[in-house]
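Notes to accompany the following structure.
Just so it is clear, the model here is predicted, and its values are computed rather than measured.
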Amino acid sequence: MKSVTILGVFDSSDVASAAAKALNTWFTWIMEGGKEEAVPQVFEDFGLDSEEWELDRESDTDWEDQPTARAKGNSLRIQAWTNETTDMLEGLLESMGAYEVEVEETEEEDD
């Protein structure tokens with residue numbers, strides 16, 4: 001697995017903070033098994049339909065550990081171990097309103 005850092009820049013610190021909170025709620029929902037409960041309605045404030053982001057941990061992600069999102073100022077940083085979901089997470093940040101998104105893959109973990 002690669003350690004991936006995705007940095008998104010938003011219009012304000014309030015938006016970045018709200019995006020981090022929404023993403024962490026969504027990450028938790030996925031890692032706890034998701035489909036048992038309805039997808040949390042966390043993306044509506046960003047003009048997105050949360051139902052479109054209903055993912056199954058076993059078939060839609062390769063996450064062994066829960067990704068995390070942290071906001072600092074108007075920036076948001078997602079840290080994840082993944083080989084398969086980088087593009088999806090990058091696209092989600094852009095859909096949430098990030099006007100600049102950068103991806104940094106740092107290392108491979110020995111299996």
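Defined by atom type and a distance below 3.5 Å, a donor-acceptor pair is present between the side-chain atoms of Thr85 and Thr82. There is no side-chain donor-acceptor pair under 3.5 Å between Thr68 and Gln79. A side-chain N or O of Glu44 and one of Ser50 form a donor-acceptor pair less than 3.5 Å apart.
With rounding to the nearest 0.5 Å, the separation of CE in Met96 from CG in Leu76 is 7.5 Å. Annotation: the span from Lys72 atom NZ to Arg77 atom CZ amounts to 9.0 Å, rounded to 0.5 Å. Residue Glu84 holds its CD atom at 10.0 Å from NZ of Lys2, rounded to the nearest 0.5 Å. Rounding to the nearest 0.5 Å gives a distance of 10.5 Å between CG of Leu23 and OG1 of Thr28. Taken from CD in Glu52 to OG in Ser95, the straight-line distance is 9.0 Å, to the nearest 0.5 Å. The CD1 atom of Ile6 lies 4.5 Å from the CG atom of Leu89; values are rounded to the nearest 0.5 Å.
Smallest separation of non-hydrogen atoms from Trp29 and Ala38: NE1-O, 3.3 Å. The two atoms that bring Ala18 and Phe46 nearest to each other are C-CZ, 3.7 Å, heavy atoms only. The two residues Gly8 and Ala98 come nearest to each other via the heavy atoms CA-CB, 4.2 Å. Closest approach of Glu64 to Arg57, counting heavy atoms only: O-NH2, 3.5 Å.
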Exercise for review: Could you go through the side-chain contact (heavy atoms from CB on, under 4.5 Å) check for Val4 and Val103 one step at a time?
Suggested key: CA-CA 7 Å; Val4 177; Val103 176; 4.0 Å; yes
Review point. Would Leu55 and Phe27 count as a side-chain contact (heavy atoms from CB on, under 4.5 Å) if you check the C-alpha gap in whole Å, the side-chain angles of each, and the deciding distance to 0.1 Å?
Key: CA-CA 10 Å; Leu55 300 182; Phe27 293 148; over 6 Å; no
**Study point:** Derivation and outcome, side-chain contact (heavy atoms from CB on, under 4.5 Å), residues Glu90 and Leu92
**Key:** CA-CA 5 Å; Glu90 182 179 6; Leu92 178 54; over 6 Å; no
Review point. Where do Trp53 and Trp26 land on the side-chain contact (heavy atoms from CB on, under 4.5 Å) test, with the steps shown first?
Key: CA-CA 9 Å; Trp53 295 95; Trp26 181 65; 3.9 Å; yes
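There is no path of hydrophobic side-chain contacts, each under 4.5 Å, that joins Val9 to Val101. Cluster membership for Ile78 and Leu7, using ILVMFWY side-chain heavy atoms within less than 4.5 angstrom, is not shared.
Two residues are said to be in side-chain contact when any heavy atoms from C-beta on lie closer than 4.5 Å; Ile30 and Trp63 meet this criterion. Looking only at side-chain heavy atoms (C-beta outward), Met88 and Thr86 stay at 4.5 Å or farther from each other.
One N or O on the side chain of Gln41 and one on the backbone of Val39 form a donor-acceptor pair closer than 3.5 Å. Looking at Asn74, its side chain never comes within 3.5 Å of a backbone N or O of Asp11 through a donor-acceptor pair.
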